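Within every chain, numbering begins at 1; the chains are lettered A, B, ... in the order of the sequence lines, protein sequences first and strands thereafter. From a predicted model like this one, the values you see are computed outputs, not experimental measurements.
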Amino acid sequence: MDYNFNEIEPKWQNYWREHHTYRCVNQSDKPHYYVLDMFPYPSGAGLHVGHPLGYIASDIFARYKRLRGFNVLHPMGYDAYGLPAEQYAIQTGQHPAITTERNINRYREQLDKLGFSFDWEREVRTCDPQYYKWTQWTFVQLFNHYYDKELDKARPISELVKQLESGTLPTEGDKRWAEMNEGERQDYLMNFRLAYLADIPVNWCPELGTVLANDEVVNGLSVRGGYPVERKLMRQWSLRISAYAQRLVDGLEEVDWSDSLKEIQRNWIGRSEGAAVWFPLDIKLNADILPGLQAYINQGEPQPVPSFEIFTTRPDTIYGVTFMVLCPEHELIDIITVPEKRAEVEAYVTWAKNRSERERQAEVKKVSGVFTGAYAINPLTEERIPIWVSDYVLSGYGTGAIMAVPAHDSRDFAFARHFNLPIRQVVATDPQNLTDPSTWTESLDSKTGYSVNSGFVSGMKVKDAMAAVIDKIEEMGVGHRTVNYRLRDAIFSRQRYWGEPFPVYYKNGCPFTLPEECLPLLLPEVSEFKPTATGEPPLGHATRWAWDEKNRCVVENTKIDDITVFPLELSTMPGFAGSSGYYLRYMDPHNDQAYFSAEAVNYWQNVDLYVGGAEHATGHLIYARFWNKFLFDIGLSVKQEPFRKLVNQGMIQGRSNFVYRSKEDNNLFLSKNIPGREENTVPIHVDINIVNNDILDIEKFRQWRPEFAHARFQLEDGKYICGWEIEKMSKSMFNVQNPDDLVARYGADTLRLYEMFLGPVEQAKPWDTNGIEGVFRFLKKFWKLFENSSDTPADSASLKLMHQTVKKITDDIERFSFNTSVSTFMICVNDLLAKQTVSTQIVEPLTILLAPFAPHIAEEIYHRLGHNTSVCQAVWPSYDEKMLVEDNFTYPVTFNGKMRFTLDLPATASQQEAIAAVKADRRGQKWLDGKEPKRIIFVPNKIINIVI
RNA sequence: GCGGAUAUGGCGUAAUUGGUAGCCGCGCCAGACUUAGGAUCUGGUUCUUCACGGAGUGGGGGUUCGAGUCCCCCUAUCCGCACCA
């Protein structure tokens with residue numbers, strides 16, 4: 001009987017489902033292992049071909065670990081909230097819950113066909129109230145905690161309040177806690193909460209009534225609709241992820257991730273060490289401007305005169321400062337600008353503020369700025385330094401103000417050149433030979449060299465000068481050593497419908513969280529998914545959706561004039577909210593008392609292996625680490641890092657095929673290698689499903705589209721050869737390969753093996769089915785091998801081969817090298833098929849080895865070999881080292897380093913035997929020349945290196 | 001511009017981690033079987049050469065008895081960040 005995957009695969013998929021083969025329990029004598037995939041967003045297009053790659057790899061590993069005797073947690077779920085379902089809802093009126101449900105069912109169907117060993121009883125969906133209850137709960141915790149910089153962890157905000165009340169902690173700012181009213185106190189606490197409301201500059205589109213992400217805005221117009229977009233300060237929820245910046249950097253040391261991914265995260269967090277320095281203002285203190293400067297007088301370092309703070313990573317260059325620059329958003333601009341410059345400065349600030357992020361990025365090289373007419377004093381040199389405004393200084397980083405050292409910073413250099421400001425050299429690689437900086441074409445940014453023209457640090461190495469200057473400014477009380485991070489707080493509100501509602505209501509404009517027992521706050525039904533006419537987010541359509549404080553419940557259609565009923569937050573949470581803690585929920589998915597139980601998390605700890613795309617490096621993987629660290633601080637999570645080992649599966653690109661249409665004759669198509677084809681034809685994308693190994697199926701092509709019905713061809717060797725190119729996988733390029741088609745044609749086992757055979761899991765590669773036949777042939781051979789097997793005892797050659805295969809496959813899986821595993825299987829089967837008959841003693845262990853890769857065929861053979869339990873309950877075969885050794889090897893022999901001859905030796909030979917063999921050899925005698933070898937370097941199977 | 005990675009036959013890749021480069025598969029060539037084949041089997045396939053031989057892991061240098069592998073300098077491609085002081 002032939003290998004009939006059509007019969008085998010559904011049979012065992014049903015068997016596994018009925019027998020709950022992959023059910024996983026939270027207690028076991030076995031060691032535990034948690035294998036996790038990044039859960040998919042169920043898009044309408046179905047499972048995308050890149051997804052199975054990672055799922056197959058993790059499934060192989062999960063199955064392998066089970067066979068090695070581990071209790072394996074291998075769950076799957078859906079990141080079900082998201083924009084596409086909502087956009088579809090706006091266009092069609094179809095509720096996103098319905099489309100999402102439909103897409104999930106389609107995903108599930110596709111996943112089931114591939115034979116994954118997920119424990120579906122643990123499935124989570126981010127849009128399920130039983131799940132998002134805990135997303136909301138975590139938000140409430142974030143709101144109720146602050147970051148204690150002393151203890152370096154999150155603590156309840158109530159403890160901060162206690163300290164403020166007792167006066168052990170003074171308030172920052174002009175008012176003391178005791179003097180504040182309730183509203184002021186809430187406002188003050190908002191500066192500390194880990195989830196907080198604050199005014200943040202956003203891209204606001206008035207026509208669409210929503211905030212847009214930077215990539216949704218082009219040239220100041222919305223991508224959708226082309227409406228004008230303005231930068232606007234808006235009150236938005238944010239997560240104070242920046243408080244965790246240092247711990248997010250430090251944590252990278254202890255995880256087993258690729259260096260490149262760690263590096264991406266390090267860059268994203270952007271830690272840089274430097275100094276904060278206060279520059280006093282040199283202005284006349286008159287009654288007009290004095291109130292505005294109060295904050296600059298009282299705040300921070302105790303300065304008797306108004307000063308402003310800058311951040312620099314190059315304190316050593318402070319003697320080279322020739323101007324200062326403030327960002328256009330800096331509140332000091334308004335105060336210090338001299339009257340005669342005011343009009344010019346205001347015009348510039350208005351222009352700069354209205355530029356979109358995109359415009360700003362596109363015109364990075366354009367220098368713009370304006371002089372305020374005001375001056376600062378360099379605290380070390382006491383020079384007067386002009387203060388400028390320019391948008392090359394960003395408000396979101398440092399203090400939004402810099403000291404400019406044009407000689408040693410390329411941006412300051414460009415600015416100085418443009419406005420003809422002085423450039424003063426204070427660092428030189430060769431202090432003896434200074435050149436005139438006004439002749440330079442670029443700044444000297446390097447940190448190697450010596451300080452020059454720099455007062456007391458002149459002559460020091462840059463590194464020493466940095467330390468010396470910081471010491472000096474600390475001593476003078478005008479600054480201090482500090483660290484800055486590029487990481488910004490995460491904006492957490494979206495004016496969308498299809499997301500988690502915030503468990504927040506507003507009382508006198510102040511946000512309060514709902515009590516825990518009232519969670520989840522259900523997403524209300526709305527009549528429309530667009531923003532309301534008054535510009536509220538879609539949740540504004542929920543009629544009088546509100547919190548009834550007296551009855552402690554959420555109400556709708558109520559009279560809002562009731563004084564105990566308060567409006568609820570109308571924004572929803574962003575996509576990363578639901579995905580930041582899902583791996584913890586899988587540990588205990590049905591718990592309705594807690595996010596997850598202490599027992600569950602103590603048992604599973606954290607994810608041992610996480611497989612997913614590197615595109616989440618600066619999104620999900622940062623947020624999830626933050627989320628986990630917070631849960632760790634409040635005693636829920638038991639590990640600082642959620643994902644111990646991470647494997648990034650490579651991106652799958654598309655391999656497009658082309659036909660070449662003649663420029664003269666629209667019905668004539670030339671095969672790729674016909675002379676003159678390049679000049680006389682235009683390439684046209686052709687559906688890859690009617691091309692096999694770059695050979696076009698001519699009949700299918702004629703049927704493909706009416707315009708090709710009468711196509712004629714110039715063939716080569718009777719075939720039409722198509723061209724190809726690696727491109728992004730997309731419908732419009734007809735290069736999307738649907739996994740379903742391949743399963744139908746070759747079976748899931750072949751697809752699984754083939755995806756692994758393509759190349760290393762981590763590597764990006766084009767999708768290409770050219771080699772799938774070879775893998776399919778292998779499975780047919782494996783089947784044949786089983787059919788040829790008999791109960792006769794195994795011969796020693798076969799046994800040896802089997803042991804070698806066990807070792808190789810085991811090693812390959814451990815180091816995640818599945819492509820070489822497939823090769824190993826092929827070699828083994830080809831060797832065994834050359835024999836008349838093969839013992840079932842050999843076939844059975846090979847079947848178990850194959851089970852992680854091709855579970856259906858392995859299950860079928862395992863049962864046919866007489867077992868009535870699943871191959872998943874089998875024991876991974878072990879190997880005997882003695883069986884691996886080759887009998888004889890040819891060794892290259894060298895004397896004093898020179899290669900002389902080769903020698904045959906048994907692999908098990910000892911040093912003495914090796915020396916004896918050399919002595920016995922005629923050439924050996926000649927080179928030894930009667931002398932005894934001093935030392936012999938003898939590596940089995942490698943080399944004999946003899947030192948006389 | 002900064003940071004990270006990669007580079008091996010016609011193609012995807014492999015190399016016991018410093019030890020005979022090209023395993024395995026695709027494709028191709030030749031042959032067998034077959035009414036037929038998108039089936040199966042056998043042999044060959046880095047380049048060059050009739051052959052003997054020679055060359056060869058993006059290019060150039062170095063370390064080593066020995067380098068695809070380690071070091072330095074280029075080049076190309078891919079990815080991430082991008083006025084982050």
Are [X] and [Y] close enough that their ring centres sit under 6.0 Å apart?
X	Y	value
Trp440(A)	Phe413(A)	no
Phe825(A)	Phe853(A)	yes
Phe818(A)	Phe816(A)	yes

Need one value for [X]: base, sugar-phosphate or nothing, where a base atom within 4.0 Å counts as base even if backbone is also close, heavy atoms only.
X	answer
Arg488(A)	base
Lys781(A)	sugar-phosphate
Arg266(A)	nothing
Ser272(A)	sugar-phosphate
Pro760(A)	sugar-phosphate
Asp412(A)	nothing
Val393(A)	base
Ile402(A)	base

*5' precedence on RNA chain B between Lys765(A) and Val822(A) (nearest-nucleotide basis)*: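 Looking at the nearest nucleotide for each, Lys765(A) comes out on the 5' side.
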
*Start at the 5' end of RNA chain B and walk down; is the nucleotide closest to Ala764(A) or to Leu833(A) reached first?*
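Going by which nucleotide is closer to the 5' end, it is Ala764(A).
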
*Do the charged groups of Glu787(A) and Lys784(A) touch, with an N to O distance under 4.0 Å?*
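No, this pair does not count.
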
*So does Asp812(A) pair up with Lys808(A), basic N to acidic O under 4.0 Å?*
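Yes, Asp812(A) and Lys808(A) are salt-bridged.
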
Let me know the distance between [atom1] of [X] and [atom2] of [N], rounded to the nearest Å.
X	N	atom1	atom2	answer
Asn819(A)	A15(B)	CG	C1'	12 Å
Leu261(A)	G80(B)	CG	C1'	10 Å
His616(A)	C79(B)	NE2	P	17 Å
Asp445(A)	G3(B)	CG	C1'	16 Å
Ile264(A)	C78(B)	CD1	C1'	12 Å
Phe816(A)	A14(B)	CZ	C1'	19 Å
Asn648(A)	U6(B)	CG	P	14 Å
Arg271(A)	A85(B)	CZ	P	12 Å

With the side chain of [X] defined as its heavy atoms from C-beta on, choose the nearest nucleotide among [options].
X	options	result
Phe311(A)	G4(B), A85(B), C81(B)	A85(B)
Phe757(A)	G12(B), G38(B), A39(B)	G12(B)
Arg815(A)	A15(B), G38(B), A85(B)	A15(B)
Met826(A)	A14(B), G12(B), C24(B)	C24(B)
Thr820(A)	A14(B), C24(B), C81(B)	A14(B)
Lys700(A)	G4(B), G80(B), G38(B)	G38(B)

If I pick the [atom1] atom on [M] and the same atom on [N], what distance separates them, to the nearest angstrom?
N	M	atom1	answer
U49(B)	A39(B)	P	34 Å
C79(B)	C73(B)	P	25 Å
U75(B)	A15(B)	P	30 Å
U6(B)	U69(B)	C1'	15 Å
U16(B)	G22(B)	C1'	16 Å
C24(B)	A14(B)	P	14 Å
U64(B)	C71(B)	P	16 Å
C29(B)	G37(B)	P	15 Å

*Might you confirm whether atom NZ of Lys835(A) has over 12 heavy atoms from other residues, nucleotides or ligands at distances under 6.0 Å?*
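Yes, NZ of Lys835(A) has more than 12 neighbouring heavy atoms, counting only those of other groups under 6.0 Å.
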
Using Watson-Crick or G-U wobble geometry with both distances under 3.5 Å, which nucleotide pairs with [N]?
N	value
A55(B)	U46(B)
U40(B)	A32(B)
U8(B)	none
C81(B)	G1(B)

According to a strict under-4.0 Å criterion, is [X] in side-chain N/O contact with OP1 or OP2 of [N]?
X	N	answer
Arg777(A)	C26(B)	yes
Lys780(A)	U40(B)	yes
Tyr397(A)	A85(B)	yes
Asn267(A)	G4(B)	no
Asn830(A)	G25(B)	yes

*Syn or anti for U69(B), taking syn as within 90° of 0?*
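With its glycosidic angle more than 90° from zero, U69(B) counts as anti.
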
*Any idea if G9(B) is syn or anti, going by the 90°-from-0 cut?*
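In terms of base orientation relative to the sugar, G9(B) is syn.
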
*Tell me yes or no: between the side chains of Thr769(A) and Tyr746(A), is some donor less than 3.5 Å from an acceptor?*
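Checked: Thr769(A)/Tyr746(A) side chains show no N/O donor-acceptor pair below 3.5 Å.
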
*In this structure, which one of Ile473(A), Val469(A), Asn378(A), Thr482(A) forms a side-chain contact (heavy atoms from CB on, under 4.5 Å) with Val277(A)?*
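Result for side-chain contact (heavy atoms from CB on, under 4.5 Å) with Val277(A): Ile473(A).
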
*Determine yes or no for a side-chain-to-main-chain donor-acceptor pair under 3.5 angstrom, with His408(A) supplying the side chain and Asp445(A) the backbone.*
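Judged by distance alone, no pair lies under 3.5 Å.
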
